[in-house]
Number of protein chains: 2
Amino acid sequence: MTYSAAEQAKPDRYEEILSAAAECFRQQGFAATSIDTVARYLGSTKGRIYHYFPSKMDLFNVVRDRGMELAFEGVMPGYETKGDPVERLALMAHGHVLTMIQCHAFMQVLLDGLRMRRYGATTDFQRQALERHLEQRNEFERMFRDVIQEGIEAGQFREGAVSFVVQSFLVTVNGPVFWYVEREGDDLTKFQRIADEVVGFAMGGLGVQWTAEMTRKIKQNTGVSK
Amino acid sequence: MTYSAAEQAKPDRYEEILSAAAECFRQQGFAATSIDTVARYLGSTKGRIYHYFPSKMDLFNVVRDRGMELAFEGVMPGYETKGDPVERLALMAHGHVLTMIQCHAFMQVLLDGLRMRRYGATTDFQRQALERHLEQRNEFERMFRDVIQEGIEAGQFREGAVSFVVQSFLVTVNGPVFWYVEREGDDLTKFQRIADEVVGFAMGGLGVQWTAEMTRKIKQNTGVSK
DNA sequence: GTTGACAACATACTCGGTAGTATGTTTGCC
DNA sequence: GGCAAACATACTACCGAGTATGTTGTCAAC
């Protein structure tokens with residue numbers, strides 16, 4: 001059994017609940033969000049939610065896993081590009097920032113996910129889901145670590161204690177999750193501008209000068225669209 | 001009436017509760033932490049806590065305000081230094097990172113503080129406390145913003161959209177709150193190393209090369225000890 | 001076109017946990 | 001010996017997770 005089994009069966013109504021839950025979890029956190037809160041947000045009652053999800057924790061797990069999926073999707077195109085670590089990293093960062101902004105709710109839920117370690121993972125299935133998620137987190141970090149490490153060894157980045165540098169880089173590109181607030185007329189152009197700025201800062205932290213034009217150029221060459 | 005009134009009256013036992021609460025709030029967040037949890041952590045019962053604090057929310061407010069105080073203390077020495085914006089900023093950042101690591105629990109609670117906006121600030125007094133806190137947060141950000149702005153205008157930093165740059169800088173120096181985990185033999189030397197690394201990254205994000213030796217040197221000259 | 005079955009919910013209820021209170025109990029101090 | 005601070009204990013009231021059961025619409029089979 002996987003969560004995705006039920007997920008595939010009922011696309012639309014199921015998806016509505018997911019988004020609503022993500023938004024509620026984002027605003028108040030897991031503990032402070034009641035099932036009734038999510039239901040009210042949907043204009044329904046808990047009956048609807050429990051029809052699709054066996055428990056609050058399971059609902060959260062699906063939201064969290066979805067967030068992780070989205071995060072990977074944002075980074076993968078850059079990661080799989082062949083060539084310079086500097087360019088690959090910049091592409092990864094750029095894609096990630098866009099994901100952070102556009103999937104704001106799901107991404108914020110990912111933060112709470114860590115705290116859940118202490119929390120009750122009551123069933124075996126939930127324990128496994130948590131375990132799997134932590135592995136995915138590591139996997140995600142590892143992708144950035146690898147590329148950064150490679151760049152340092154090639155002498156393309158400023159030297160420094162790798163682990164702290166990686167953490168600083170990650171926290172910078174994760175940054176918009178904390179400080180970006182959705183505004184009315186925000187469109188893709190605005191998102192790109194933010195991403196350019198953040199990527200410029202993050203690459204600068206590694207000792208590399210990086211401009212928005214450089215991002216555009218690689219995207220052209222590699223055919224990365226996102 | 002202020003929180004600090006009761007605070008000054010009973011120093012030691014009061015302070016114990018604060019630290020315990022900070023640690024519990026850090027681990028599980030505000031909503032998931034019960035008063036009984038804090039009491040158990042202290043080896044006591046809720047009677048003790050309610051003897052000092054009228055409600056859970058008030059307890060949280062004191063912890064949060066304390067965290068804010070500590071944050072200001074870490075940054076002030078650098079901020080009040082006369083001279084180059086670059087050097088001032090580096091000192092501020094360095095002090096802040098040290099605070100982040102050494103007062104880990106209180107700092108993490110500051111994060112949850114924002115979420116509390118949605119939450120119930122039930123009494124007038126609590127609403128005022130929240131209001132005051134949000135002002136302090138802005139004040140804190142403004143200190144960094146001012147110095148960074150000054151540096152940009154002086155042409156000492158890479159150009160960029162100020163607000164995004166400031167946010168990226170802040171999130172970087174706040175970083176250790178997320179990724180630093182306390183380990184056995186960690187002492188001040190280790191903390192300094194981390195701070196040096198993070199400051200190097202953050203300053204790099206602004207387009208400035210910055211080394212640990214430069215931090216040492218200014219501290220010598222300005223007499224900043226922390 | 002009627003019936004039966006099932007999905008997709010809503011409603012009504014249970015029960016454990018938690019904030020807050022009211023009431024002891026001990027200890028030090030005057 | 002009395003009084004108050006500093007708690008512990010006992011209790012209430014409520015909220016929220018999970019469950020059990022009711023209701024409605026739809027679709028298929030006969």
Side-chain angles (χ1 to χ4, degrees), chain A residues 3 5-21 24-25 27-64 112 116 118-126 129, chain B residues 5-21 24-25 27-64 112 115-116 118-126 129:
Chain A
Y3 285 125
E7 184 176 346
Q8 288 188 337
K10 313 115 185 174
D12 35 345
R13 303 291 285 175
Y14 180 91
E15 218 63 28
E16 266 184 48
I17 300 179
L18 270 194
S19 296
C24 294
F25 287 146
Q27 287 183 12
Q28 325 193 5
F30 174 77
T33 303
S34 71
I35 294 288
D36 295 278
T37 303
V38 181
R40 247 195 316 270
Y41 187 91
L42 285 164
S44 306
T45 62
K46 39 166 61 169
R48 178 171 169 196
I49 295 176
Y50 279 106
H51 180 71
Y52 293 90
F53 301 92
S55 77
K56 181 183 170 186
M57 181 63 93
D58 289 282
L59 171 57
F60 180 84
N61 282 341
V62 176
V63 173
R64 192 196 50 194
D112 255 15
M116 224 56 68
R118 321 253 169 197
Y119 241 37
T122 38
T123 72
D124 263 12
F125 180 52
Q126 286 173 3
Chain B
E7 186 176 346
Q8 288 187 337
K10 314 116 186 174
D12 35 347
R13 304 289 287 175
Y14 181 90
E15 217 63 27
E16 265 184 50
I17 299 179
L18 270 194
S19 296
C24 293
F25 286 146
Q27 287 183 12
Q28 325 194 3
F30 174 77
T33 302
S34 71
I35 294 287
D36 294 280
T37 303
V38 181
R40 247 195 317 270
Y41 187 90
L42 285 163
S44 305
T45 64
K46 39 164 61 166
R48 178 171 169 196
I49 296 176
Y50 279 106
H51 180 70
Y52 292 90
F53 301 91
S55 78
K56 180 183 169 185
M57 182 64 92
D58 288 281
L59 172 58
F60 181 84
N61 281 341
V62 176
V63 172
R64 191 196 51 193
D112 255 14
R115 211 168 240 164
M116 224 58 68
R118 320 257 169 193
Y119 239 38
T122 38
T123 73
D124 264 11
F125 180 52
Q126 286 172 4

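Model, not experiment: these values are computed from the prediction. Chain naming here is simple, since letters A, B, ... match the order of the sequence lines and numbering starts at 1 in each. Reckoned from all heavy atoms, side chains included, excluding hydrogens, waters and symmetry mates.
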Enquirer: Find the distance B:L42:CG to D:dA6:C1' and express it as a whole number of Å.
Expert: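 Rounded to whole Å, this separation is 14 Å.
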
Enquirer: Going by side-chain hydrogen bond (donor to acceptor under 3.5 Å, both in side chains), name the residues that satisfy it together with B:T37, two or more places apart in sequence or in a different chain.
Expert: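 Per chain and number, B:T37 pairs via side-chain hydrogen bond (donor to acceptor under 3.5 Å, both in side chains) with B:S34.
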
Enquirer: Would you indicate, yes or no, if D:dC7 has its OP1 or OP2 atom less than 4.0 angstrom from a side-chain nitrogen or oxygen of B:Y52?
Expert: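 Yes, B:Y52 has a side-chain N/O under 4.0 Å of OP1/OP2 on D:dC7.
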
Enquirer: Please work out whether the ring planes of A:F60 and A:F25 are parallel, tilted or perpendicular, with thresholds of 30° and 60°.
Expert: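 Perpendicular.
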
Enquirer: What's the CZ-P distance between B:F53 and C:dT21, to the nearest Å?
Expert: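 The answer, rounded to whole Å, is 16 Å.
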
Enquirer: Between B:S34 and C:dG17, is there a side-chain N or O to OP1/OP2 distance below 4.0 Å?
Expert: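 Result: no.
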
Enquirer: Of all residues at least two apart in sequence or in a different chain, which pass the side chain to side chain contact (heavy atoms under 4.5 Å, CB included) check with B:A39?
Expert: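 For B:A39 the side chain to side chain contact (heavy atoms under 4.5 Å, CB included) partners, ignoring immediate neighbours, are B:I49.
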
Enquirer: In whole Å, I'd like the distance from the OH atom of A:Y41 to the P atom of D:dG16.
Expert: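 In whole Å, D:dG16 P and A:Y41 OH are 18 Å from each other.
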
Enquirer: Please determine whether a side-chain nitrogen or oxygen atom of B:R13 lies at a distance below 4.0 Å from atom OP1 or OP2 of D:dA6.
Expert: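 Checking B:R13 against D:dA6: no side-chain N or O falls below 4.0 Å of OP1 or OP2.
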
Enquirer: By the salt bridge (charged side-chain N to carboxylate O under 4.0 Å, His left out) test, which pairs, at least two apart or in different chains, include something from residues 30-45 of chain B?
Expert: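 Checked against salt bridge (charged side-chain N to carboxylate O under 4.0 Å, His left out) - neighbours excluded - the pairs reaching residues 30-45 of chain B are B:D36-B:K46.
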
Enquirer: Please state how far atom CG in B:D58 lies from atom C1' in C:dA19, giving the value in whole angstrom units.
Expert: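 Atom CG in B:D58 sits about 13 Å away from atom C1' in C:dA19.
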
Enquirer: Of all residues at least two apart in sequence or in a different chain, which pass the salt bridge (Lys or Arg N to Asp or Glu O under 4.0 Å) check with B:K56?
Expert: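 By the salt bridge (Lys or Arg N to Asp or Glu O under 4.0 Å) rule, B:K56 matches no residue at all.
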
Enquirer: Can you tell me how far C1' of C:dT21 sits from NE2 of B:H51, to the nearest Å?
Expert: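 Rounded to whole Å, this separation is 15 Å.
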
Enquirer: With sequence neighbours excluded, tell me which residues meet side chain to side chain contact (heavy atoms under 4.5 Å, CB included) with A:S55.
Expert: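 Once residues adjacent in sequence are excluded, the partners of A:S55 under the side chain to side chain contact (heavy atoms under 4.5 Å, CB included) criterion are A:M57, A:D58, A:Q126.
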
Enquirer: Determine the minimum heavy-atom distance between B:V38 and B:C24, stating which atoms define it.
Expert: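 The pair with the smallest heavy-atom distance is CA-SG, 4.0 Å.
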
Enquirer: What is the separation between atom CD1 on B:I17 and atom C1' on D:dA6, rounded to the nearest whole Å?
Expert: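 For the pair B:I17 CD1 and D:dA6 C1', the rounded distance is 10 Å.
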
Enquirer: Reading nucleotides 18-26 of chain D from the 5' end, what letters show protein touch, with B for base, S for backbone sugar-phosphate only, - for no heavy atom under 4.0 Å?
Expert: BB-------

Enquirer: How many Å lie between CG on A:D36 and P on C:dT14, as a whole number?
Expert: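 Value for this atom pair: 17 Å.
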
Enquirer: Over all strands shown, is B:T37 touching base, sugar-phosphate only, or nothing at heavy-atom distances under 4.0 angstrom?
Expert: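 Result for B:T37 = nothing.
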
Enquirer: Starting from C1' on C:dG20, measure out to CG on B:L59 and report it in whole angstrom.
Expert: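 After rounding, the gap between these two atoms is 14 Å.
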
